[in-house]
Amino acid sequence: MTKFIRWQGIIGFVAITALIISLLYFFAETLVKKGIVASAESVFGAEVNVADVELDFSPLHISVIGMQVTDKDVPTHNVFSFERASAGVDFWQYLFGKIIIEQLDVAELTFGNERNSVGQVYGDDETDKKKQSFSDKAKAMLPEMDMQLPDVKSILNDSDLITIKASKTLQASYETEQVKLEALKDNLPTKEKLKYYQDKVKALTKVDVKSLDDIAKLKADYDAIKEEFKADQAVIKDAKKQVLASKDLLAQQVTDVKNAPAKDWQNIEKKYQLETLDSEDFIHILFGEQARGHFEKAQWAYEMVAPYLGSSDDKSEEVIENKVHAKGRFIFFKEDSPLPEVLIKKSLLSMSLEQGDFVIKGTELTHQHWFRGKDSEINITSITNGELNLDSRFKFTQTGDFIADGNWDMNNRMVNDATLTDSKALSLSLEQGNMRGEGNFTLVDGDILSENHIALNQTSYQGQGTTKLTSILFDTIKSLDKLTVDVDVRGELAKPDFSISSSLNEALTGAFKQQVAGKLSEFKNKVNAGLNEKLAGALKLGNNQTAELLDLEALLTDTDKALDDLKNSDVVKQQQKKLEDKVKDKAKDKLKGKLGDLFG
Amino acid sequence: MLTLLAKLLNALNGDSSIRQIALAIALGFLVGLSPLLTLHNIIIIFFVCIIRVHLGSFILSVGFFSGLSYLLSPYIVQVGEYLLTSPALSEFFTALYQFSLFKLAHWHHTYVLGAFVLGGLLCVPIYFISKLVIDKYRVHIMSFFAKFRIVQALKASKFYSLYTAVAGESKGGL
């Protein structure tokens, strides 16, 4: 037996085990502290400080004391810090691969507080620096409010203007048609030619006809003349057709030129969004900045937590990826009392913000709600400045859907020195006001729907408007004692649509809209005057052309009529009648002679 | 580290049993493949302490195969993932999952189970291959290399003096 077994090995094993346990026992706190700092620094990309970590093993209880996380964008400040966080962990479940925390307490949680020393930032993300906050964008918009009306000269020099295009088209058509008409004119029968025809026909009327042969000869002569001006009549017919086509074309183009300024104005309004320049823009800038600020905070919190809340199915895909190093995962099977992978049964956070002290209570915080069939609940209350209460519930379904809803209400909350906007054109802050409000939200599969109503009473404002419009805005706001704001947020959580309405709209409608309308009207007159000037030149051309066409048309009509008269002349009939009369007279004389002889 | 290497060379060149060294390498492979602090590893280490295996070879083997395990981790995890998520084995693992010992051993973790199963399957051939290689080494390679001048130069080095010191200490031992 001793050939295979060395009993002293047991002593060695016990000694090694005891050594490892002792090392873990004495250095566990240091190891946990280093672990927390390293993980948090990797997540937040900046220096993380933890003053101390306390560990109790029976029951397993961990306390993190004095944690500060540097804001990598503003290293002089923390993203958040807290005095103490303690959690009681179910050790047995921890050994099975699950983190079940019976109670999590976080005391004096603070956001954005100043650090004692500037924190180090790890990694330099250029894209972060390039991101412009909504607040910056809003500030950048206000100074341009007065300049939003574009320069009249540059608009009128725009080669894309319909007026300019239509004028050029009319001019080109005028020139083309002119050439065609000139060519026609050259082929038209001259006055001399017409006179020649008339003289010829007149000469036929003077021919002395004595017999039917003479009539037949006269008819032949007349037909020969008619053949001559038949060709001329065809030329006139073609010319008439061409004149009509030119007239129609030019008339249409003149109409286009006349309508062009109106179309150009419509395009200018659309391009520069002049029709939407109304008081609602200012409401969005003033209160949208605040609303989006609050929403961005909530969104930030969601985005921080979301990656850790993915369903286990997502993780399996991650494992199958061909990485250099894979860590694997726990697979949990059915059991009598199933538990989620991570569960905080109860939590209590106390938070100090500029707006007051808050207490956040949470129950059943997990990402696998189907195991215990209970929703996570979060309740936020504050009583240091009026009353504020927020109740929310959320859950993940086994298929990975996220569903949340909640409501909030606020009463008798005093707001002091709250900056609404601070830009070159307008600085505005709420010196004081009494605020109340209520709202609700639902979030289903990344789509948010939220309705919020806030009413401010006994308000006083401070600030200054440096442009005409912002001065009116400031004076109007200052004159208000009561103000209501309704903010609706709906759509995709990543890029929601904000709809903000306020009683300020009505107040501004009179004074402000009138100013805007006046300014717009002045601008419109200038633009239209410029467009009409361009139009006038083109129309003058058009008028000249029309007059020429009318003259030509009259000439063609006269010529055509003259030829028609000649064509329809009864010269042959006249001569025939003359001959008949002559024959009759002759017969009469003959009869008279014979009767005289008979009765004479 | 140098001492450990010297011990291994001493074991390979000395009188230590080939089976003791081969078993140490095979068990080192089984332990090295899994994360170190798992229940089955603690039990194996316990047996390594009380069974006469070559400890130096075992420690070196654990170090080497831990590095290999890091490189092979995606495949180890895939094996564990396949076994634990296979519908055919679902009932079997559900039954095992009801035992606390199964959960305590973390055999419901894809890495741990994959490493344990691969380690268990491959440690037997590794034992026999190691035995064969050490045997061949002692017969052919040791005498072949001894002829080289560089080996003779090495014999004059500090490492060799350490090696001889170790050999002196553990004559016939572990």
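Only a predicted model underlies this, so the values are computations on that prediction, with no experimental measurement involved. Order of the sequence lines fixes the chain letters, A, B, ..., with proteins taken first and strands second; residue numbering starts at 1 for each chain.
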| said: So does R19(B) get a backbone contact from the side chain of S17(B), meaning a donor-acceptor N/O pair under 3.5 Å? | reply: yes
| task | Return the option, out of Q98(B), H109(B), H106(B), with the maximum number of heavy-atom pairs under 4.5 Å with chain A. | result | H109(B)
| Which one of G12(A), G97(A), G9(A) has the most heavy-atom pairs closer than 4.5 Å to chain B? | G9(A)
| request: Side chain from CB out, backbone as N, CA, C, O: work out which of these in I42(B) comes under 4.5 Å of a heavy atom of chain A, or both, or neither. | output: both
| Residue, of S90(B), A105(B), G114(B), S100(B), that accumulates the most heavy atom pairs under 4.5 Å with chain A | S100(B)
| request: Kindly assign one of parallel, tilted or perpendicular to the pair F80(A) and F82(A), based on the angle between their ring planes and the thresholds 30° and 60°. | output: parallel
| task | Report yes or no: does H54(B) contribute a side-chain atom to a donor-acceptor pair with the main-chain N or O of S57(B) at less than 3.5 Å? | result | yes
| Heavy-atom contact with chain A under 4.5 Å, split by part of Y97(B) | side chain
| Honestly, is K98(A) close enough over F332(A), meaning NZ or CZ under 6.0 Å from the six-membered ring centre and within 45° of the axis? | yes
| note | chain B shares the most heavy-atom pairs under 4.5 Å, among T17(A), L95(A), I16(A), with L95(A)
| task | Flag the pair F29(B) / Y127(B) as yes when their ring centroid distance falls below 6.0 Å, and as no otherwise. | result | no
